[in-house]
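Working notes for the structure below.
By convention in this document, chain letters (A, B, ...) are assigned in the order of the sequence lines, proteins followed by strands, and residues within each chain are numbered from 1.
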Amino acid sequence: MAIAETLPADDSGLAAKTPLTVSVLRAFRHRSLAAGTLICVVLAALVICAPLLTGFDPAKQSAMETFQAPSLAHPMGTDAFGRDMMARVLYGGRVTMLASLAVVVMGAIAGTILGLVAGYAGGAAGFAIMRLVDLLLAFPGILLALAITAILGPGLVNGIIAISIILVPVYARLVEGATREIRSLPFVDAAIVLGAGPIRVMATHILPNVMSSVIVMTTTWLGVAALWITALGFIGLGVQPPQPEWGAILNDGQMFLTLAWWMTVFPGVFLSLFIIGVNLMGDGLRDVLDPTIAD
Amino acid sequence: MTSRKLPALLAAAGLCLSGTAHANELVVGWAETNDTLNPVTTGKRNVGPILSNIFDTLVWISPDFEVEPLLAESWTVSDDGLTYVFKLREDVTFHDGTPFNAAAVVSNVEYITGENTQSKISLGLLGPCAHAEATGEYEVTFTCDEIYAPLLAQMGEPYLGMQSPAAIEEYGAELGQHPVGTGPFKFVSWTPSQSIVLEKNPDYNWMAASLGHDGPAAIDKITFQIVPNPQSRVQQFQSGQSQVMQQTPGLYWKTLTASGKYTELPVEISGLGIFAPINASLFPTDDILVRKAIMYAVDQKALIQLAEAGVYPPSYTPLSVGMLGHDEDAEGKYPYDPEKAKSLLTEAGWEFDGTTWTKDGKTLSVKITAISGKAHYMAQAQAIQGFLSEIGFDAQFEALNAPAWLDLNIDGGSTLTPSQYIGVDPDALHFWFLPDQYFNWSHWTNDELTDLIYQGRSELDHGKRAAIYQKIQDILLDNAVILPIRQNLDLTLADKSVTGITWSGGGFQYFGAASIAE
Amino acid sequence: MGKHVSEDALVSIRDLKVHYGGKGVLASQRADVVRAVDGVTLDIRRGETLGLVGESGCGKSTLGRALMRLEDPREGSILFEGEDLAKARGQKLRDLRKDMQVIFQDPMSSLDPRMKIRRIIAEGLVIGGVPKAERDARVEELIEIVGLRREHLDRYPHEFSGGQRQRIGIARALAMRPKFVVADEPVSALDVSIQSQVLNLLSDLQDSFGLTYLFIAHDLSVVEYISDRVGVMYLGRLVELADTADLYANPLMPYTQALLSAIPDREAETGEARIILQGDVPSPRNPPSGCPFRTRCWRAEAACAETRPELREIRPRHWAACHFAE
Amino acid sequence: MLSYVAGRLAAIVALAFGISGLVFLMLRLIPGDPVMALLGTQAANPEVVERLRRQLGLDESMASQYVTWLGNLFRGDFGYSYGQQRPVSELIAANFPATLQLTVCALFLSVLLGLAIGIVAALKRNRAADTLGMGLALALMSIPSFWLGLLLILLFAVTWPIFDVVGGTGFKGVVLPAVTLALGTVGFNARFIRSSVLSAQTQKHVITARAKGLSRATVFLRHVLRNSLLPILTVVGIQVGNLLSGTVVVETVFSRPGLGRLLVDAILSKDYLTVQAVVLIIAVIYAGANFVVDLCYPLLDPRIARR
């Protein structure tokens, strides 16, 4: 994915004069934001309410009920272990959604801190950090994730760590550039002359000014994070059985593609819908928060 | 638009593969990539079947473990059991024209034991008998440091296939890409991770007698297409892009054989079957009662039903059906009995509160591991996890890549893990149950057992050997250090037009006697 | 006025050099030095407004920033009330800085767009640990002093015009009760009509708070209006320094003459012909030998290339660095 | 210009070294003994294991292993794959063409489709075709390629057996993998092209040309499209990397040979030298592709060259 070169955002989008509710309402007039939010909210509601929607335990095996096609009892069929697919898809959604969110949040925090330090300190430290960032960026992300999970061992937490590490350089580069730019602005000099130390300058002047770029970036990368975390699950390096997760469920299903299409189709549809929703939301938020890159 | 671009690209890549086979040409859907085609340096079981078509061994082992003449016409064993004299056929030449004789056998043995040869399975098979001497132009004598009963059967494993001394000399480290044997098929080409092509050896005329086939193979060319993804392998076979497929996943075996359109070849891979060693040095399975509870809690038949559509016969004892010493009566030893399992846990001092078992503040927690890339291990481990959870175990599952999996189990960090071991002789047990072996994954030893294993190895009388291995199996099961899961079969399917595919004892598909109906 | 070094100097700059680059592993990197300020010696007297003029890139802004220690001098000293600012670090530097403030050129970017005016003006007080009640009182007082209203305190910078923002910047500087203020082109980004308002405000504040200004600008008429004395910089050096009236009436350096001749309407007033300078300003990476101005000077002779003219007091209180000045 | 090229090349070399060191370290952090991995569960008695460890040079210190590896690399020797018992260079030679074929086909498809959707959407801005095109772009960006691949197999290789299930390098084998790989990147390309066409349309000379009374089509072909060449180049530069990393998943789903699968297998089996070599090559291709793209800019846009 391309990294949108966002400038330290202009403040005009977040005019303080308009009360919050008004700006939220205005934002939702944006079609894709509204549609994306709707999709995400519905999906979130479904996975949160999973216990109300299905009585099955997603891990409960049943030797008598393997590979059942969708029916009234099992609306999405059952899998190789006779587990109810609907329960697995709904409970699995919780894992996928939270994991994606955790990935971007962790990546954003670590990347932003690194970028702030590199951009503000400059010099040898900044140079070292940024060359490391270049190194990580010069390598296809999914391969890096593979290597990291190979080191840490498979598992959901390790998968989340691996993928957030991939996001770190992306954020670091964005924030470093923005920090350097803001660092050179007179209001930072003014703060220094007023006696502010580096940490105070970073926290009160630079961070708030790069935040909107970071948020825009986060919405763009949330979808990518979901794609990667599920890809890891699909390769078998994500969550460990019997815990359900959309990528892992798809992995279970792929071996039986022609015999049990429901094992592949349902989780895939949910996953795609989720990513579409997230991307729509991201597009909308970007337009609303960062008018400079809207066309 | 791509159609115009593609031929050019293909030409550039120089990789034009013909996907479909013509008459008398066979495409085999193969499940695993090869490390080498050098029988001496391979460490992979699944290379064996390909090797057995390129290389002949001194003896042939039938699927029922009868040892027959192949490159050796006859042999004698000295009374002390330390000397084997093989009389060799005199009409055999290697694919490169080098004549096969006693000197060639000696070269092979010297190559296997050579300091710079990265020998793997082969070196282990020779055991203490790795000394060969040409005692005539066509007579070779093996001497052993100690009595080694498994030798004769193991001589028939493809990892001891005879290679051309000229090729050994010429290719050095590259020998694995230029296999030259005396077998019914000659090596043509090998594209790594894609395909291996063999063609008929027109001079072949020394097939093992029990196969009932004279002269060269009927099939002109075999292409082993390497398709690790089981789903793809099945699709390829169903659509006619291959005529033979190995390692058919259970569920597909069930549906495809039900159609009656294909020939079923459940190739029996001998050895210890599929089993899970139970770690007797790790809490809580360091308690024999907990181990026994596990044995009662797992229902092999239902496990196979869950993990592999019920297509495999279960196993109840370490040694495979048909092997020397296989214990027919083991089935009744640990019937599926969850109540019995629970009472054993109670007896061991565990208390059940309806969801979890606790003892001295600890929960009854076990760690089940499996190799992440192997679907059947993953499924078996999950099924075991299901059975143990059923009676209240806190059963954790962890999938690991192969090196990490080996590491963890060698270190004793996992409670149980499905595994397999292949061998043609019951002495295979020694790898898993002698102290100081890497694969003593039960992490358990017993002096009586150790003695018996050594006795079994040096006993030449079949009846007495069988009795020794009966006893060994009793000890293993009584101590509940191994959970047998199922027979190890390579579920091979062939198109009805292909007949005569067989396998050598141990489970190595053999195409020398196969033919394709027009 | 007597000596160049005066007893009542608030800031004494001695041979100050600010260089960029010149570091690195390669010889070519080490040779690549930008001499932004290259040996300036200057006193700023308590209570005066010293104007500093020159073309862009002459180092006048860098000099101003160096006085605030926003740039690190490579050599020389800056004595502020007797303490050397050039070598101070950490807490010592922060203590020294308390009495010095700066007003920036660009009213758009000198205020943090994410902060309300109240926070902007109070920032220095917060850092200094002034209690909230006192802080609020001082901020409210200041906003009125600079001619804005209290209700403006709860707005964001983008809601103000350029002139208003500059007033806010001034209020922020004044909040620290400085003795010395560097005004770095404070009006050049403003409309002409607003410029005089801000200049008047600065003058008024100087009177009421007893401030000392270093007023940096390239607009000579603005400088003439506000300054007591004026210094002219060229290629990182101070080339002429005199009382405002004296300098504007009798410039000694050919460079100053050329600058002055370019002031609009001056031709009509004085009858002097406008002097058009030939060529570009030489690069501060590679300044000419001898007199830095000789490459563009119509009076340049061979001697100008050989020796560098030092700043000398040609007439009382009028200093210039030119071989021909007398 | 020359010093620019030299500088970039030096940066690529430095990058390659950085990555090689990083990978070397990372690999050795992965738990597991490569010697045991070679032997699997077959016949590994302790003597065989120790003998093999010595033969493979794995009993030496890490530093000396790295130095040996680097030394061999300078002589153009990538070393020997433990797992596949042949020179790594041979493995790469055997797998690279398939990856190249897949990536090139996918790149071609992806740019072409992206161009088509992007241009149509830009020309019909804010109309139904635009909404539809951009909706499609977003959907394609969102659908995971591993799932899309499975669906394509289900539809076009199983239900209607038009193409091969096993992705060989023949025409019937490459179509589905290439389509799967391409579709994931089409969305980005379409959006990028759309916005560049839109911004090209508002440029002065285009407006002037239109004012001169040239037909829409002429203006489009002569001015707008030509100015879109640069964005296409940018897209190619960005997508080479994305497609390369996408091959990992696609090669797995379609059982295709290739560098991605070679690398994954090698990582999972701790085949050190293979991993090191493949990583190095992928990184160099990645950096090299961007380098070539950057070199092409001045050729297409004289304004950049002059700068």
Can you tell which of B:Ala173, B:Gly176, B:Ala402 has the highest number of heavy-atom pairs within less than 4.5 Å of chain D?
B:Ala173
Test item: B:Tyr159 side-chain N/O and B:Arg45 main-chain N/O as donor-acceptor pair under 3.5 Å
yes
According to salt bridge (charged side-chain N to carboxylate O under 4.0 Å, His left out), does anything in residues 75-98 of chain D pair up with another residue at least two apart or in another chain? List the pairs.
D:Arg86-D:Glu90
Checking B:Asn116 against chain D: side chain, backbone, both or neither under 4.5 Å from a heavy atom?
backbone
With a 4.5 angstrom heavy-atom cut-off, could you sort out which part of B:Asn409 is near chain D: side chain, backbone, both or neither?
neither
All side chain to side chain donor-acceptor pair (under 3.5 Å) counterparts of B:Gln177, not counting sequence neighbours
none
Just by distance, do the side chain of B:Arg233 and the backbone of B:Trp30 share a donor-acceptor pair under 3.5 Å?
no
Contact list (residues 258-266 of chain D to chain B, heavy-atom gap under 4.5 Å, by number) returns D:Arg261
When D:Lys270, D:Gln55, D:Arg54, D:Gln84 are compared by non-hydrogen pairs under 4.5 Å with chain B, the top option:
D:Gln55
Kindly indicate whether a cation-pi arrangement holds for D:Arg28 with D:Phe24, taking the cut-offs as under 6.0 Å to the six-membered ring centre and within 45° of the axis.
yes
Are more than 12 heavy atoms, taken from residues, nucleotides or ligands other than D:Tyr66, located less than 6.0 Å from that residue's OH atom?
yes
Tell me the closest heavy-atom pair linking D:Arg51 and B:Thr113, and the distance in Å.
NH1-O, 3.6 Å
Is B:Leu408 close to chain D through its backbone or its side chain, or both, or neither, when contacts mean heavy atoms under 4.5 Å?
neither
May I have the step-by-step check of salt bridge (charged side-chain N to carboxylate O under 4.0 Å, His left out) for B:Lys120 and B:Asp35, ending in yes or no?
CA-CA 12 Å; B:Lys120 300 200 179 83; B:Asp35 52 356; 5.1 Å; no
In terms of heavy-atom pairs under 4.5 Å, which option from B:Asn38, B:Thr42, B:Thr41 contacts chain D the most?
B:Thr41
B:Glu115, part contacting chain D, at a heavy-atom distance under 4.5 Å
both
Between D:Thr252 and chain B, with a heavy-atom cut-off of 4.5 Å, which part of the residue counts as in contact: side chain, backbone, both or neither?
backbone
side-chain contact (heavy atoms from CB on, under 4.5 Å) filter on B:Ala399, not counting sequence neighbours, yields A:Gln240, B:Ser372, B:Met378, B:Phe397
Which region of D:Tyr80, side chain (C-beta onward) or backbone (N, CA, C, O), has a non-hydrogen atom less than 4.5 Å from a non-hydrogen atom of chain B, or is it both or neither?
side chain
Can you tell me how the ring of B:Tyr377 sits relative to the ring of B:Trp405, calling it parallel under 30°, perpendicular over 60° and tilted otherwise?
parallel
